[in-house]
Amino acid sequence: MIIYQNDLVIVAIEPSEIPWIKVFTKRKIKEFSECTANEKREIFRIIDITEKLMLSYFNADKINIASFGNLLPQVHWHIMARFETDSHFPEPMWGKKQRSSQLNLPSFEVFFTQLKNQL
């Protein structure tokens with residue numbers, strides 16, 4: 001689900017037990033080095049705002065920020081709030097599940113609305 005977009009990027013929700021968004025370039029490019037200076041600034045502006053809001057709203061133990069493009073060869077970044085009690089911690093969310101989730105988090109919908117308003 002898209003929560004924000006402009007001429008440079010698209011911000012979408014990744015359905016998960018944890019707060020997780022992805023930031024895509026609007027242009028279909030494969031490598032970060034192909035991004036314009038404006039696209040790079042916009043990506044990092046969104047990462048900065050998202051990380052700060054995830055930390056304050058969810059009181060996350062850690063924020064994971066990653067860029068992978070093996071299965072989807074388009075520039076995109078994952079931003080995830082991580083918790084010691086999530087099902088995969090300390091593994092990445094696409095890694096081996098460690099336990100059943102023990103999370104009791106505030107409303108994701110409120111968070112996504114606040115994020116959209118800040119972007």
Side-chain angles (χ1 to χ4, degrees):
M1 179 168 113
I2 294 173
I3 61 170
Y4 175 82
Q5 64 181 316
N6 60 28
D7 293 340
L8 302 173
V9 299
I10 298 168
V11 179
I13 297 168
E14 176 70 21
S16 178
E17 73 185 61
I18 62 167
W20 183 346
I21 67 151
K22 296 186 287 189
V23 182
F24 294 88
T25 54
K26 209 119 193 226
R27 292 187 311 128
K28 306 294 189 226
I29 53 177
K30 288 172 57 173
E31 305 300 340
F32 187 67
S33 60
E34 297 176 66
C35 290
T36 65
N38 285 340
E39 287 168 329
K40 289 176 182 179
R41 277 191 294 276
E42 184 64 0
I43 289 165
F44 284 112
R45 181 187 77 83
I46 292 168
I47 289 172
D48 183 61
I49 290 168
T50 303
E51 178 181 279
K52 288 173 182 170
L53 187 58
M54 282 181 172
L55 286 169
S56 65
Y57 183 83
F58 291 108
N59 195 29
D61 294 316
K62 181 72 178 106
I63 303 299
N64 289 172
I65 300 168
S67 178
F68 296 94
N70 298 334
L71 294 177
L72 178 61
Q74 179 184 356
V75 172
H76 66 284
W77 292 78
H78 299 260
I79 310 164
M80 299 163 270
R82 297 300 307 277
F83 306 89
E84 291 179 2
T85 56
D86 73 45
S87 64
H88 287 72
F89 194 89
E91 294 289 319
M93 288 304 291
W94 40 82
K96 184 178 177 190
K97 187 173 180 176
Q98 303 295 303
R99 70 192 67 76
S100 294
S101 176
Q102 301 295 316
L103 297 175
N104 184 20
L105 299 174
S107 168
F108 283 25
E109 291 78 20
V110 170
F111 169 78
F112 293 133
T113 299
Q114 288 181 6
L115 178 60
K116 178 181 178 181
N117 291 339
Q118 287 189 29
L119 298 176

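Along the sequence shown, residues carry numbers from 1.
- Considering every non-hydrogen atom in both K26 and N6, the closest pair reads NZ-O, 2.8 Å.
- Salt bridge annotation for E14-K22: present, with a cationic side-chain nitrogen under 4.0 angstrom from a carboxylate oxygen.
- No hydrogens or angles considered: nothing links the side chains of E39 and T25 as a donor-acceptor pair under 3.5 Å.
- For W77 and F44, the gap between ring centers is short of 6.0 Å.
- Put simply, CG on N64 and CD on E51 are 10.0 Å apart, with the number rounded to the nearest 0.5 Å.
- Of the possible polar contacts, none joining the E91 side chain to the H88 backbone as a donor-acceptor pair under 3.5 Å is found.
- In this structure, the side chain of Q118 does not engage the main chain of I49 through any donor-acceptor pair within 3.5 Å.
- Atom CD1 of residue I47 and atom CD of residue E42 lie 10.5 Å apart, to the nearest 0.5 angstrom.
- In this structure, S16 and F108 approach most closely via the heavy-atom pair O-CE2, 3.7 Å.
- Taking CG from L119 and CD1 from I21, the interatomic distance works out to 7.0 Å, rounded to the nearest 0.5 Å.
- A 6.0 Å sphere centred on CG of D7 holds no more than 12 heavy atoms belonging to other residues, nucleotides or ligands.
- Side-chain contact annotation: E109 with S107, donor-acceptor N/O pair under 3.5 Å present.
- Summarising the geometry of H76 relative to S67, their closest heavy-atom pair is O-OG, 3.1 Å, with the distance given to 0.1 Å.
- In this pair, Y57 and F111 present their aromatic rings tilted. The plane angle is within the 30 to 60° band.
- Other residues, nucleotides and ligands contribute over 12 non-hydrogen atoms within 6.0 Å of the CG atom of N117.
- Both W94 and I18 are assigned to one and the same hydrophobic cluster, defined by single-linkage of ILVMFWY side chains at heavy-atom distances under 4.5 Å.
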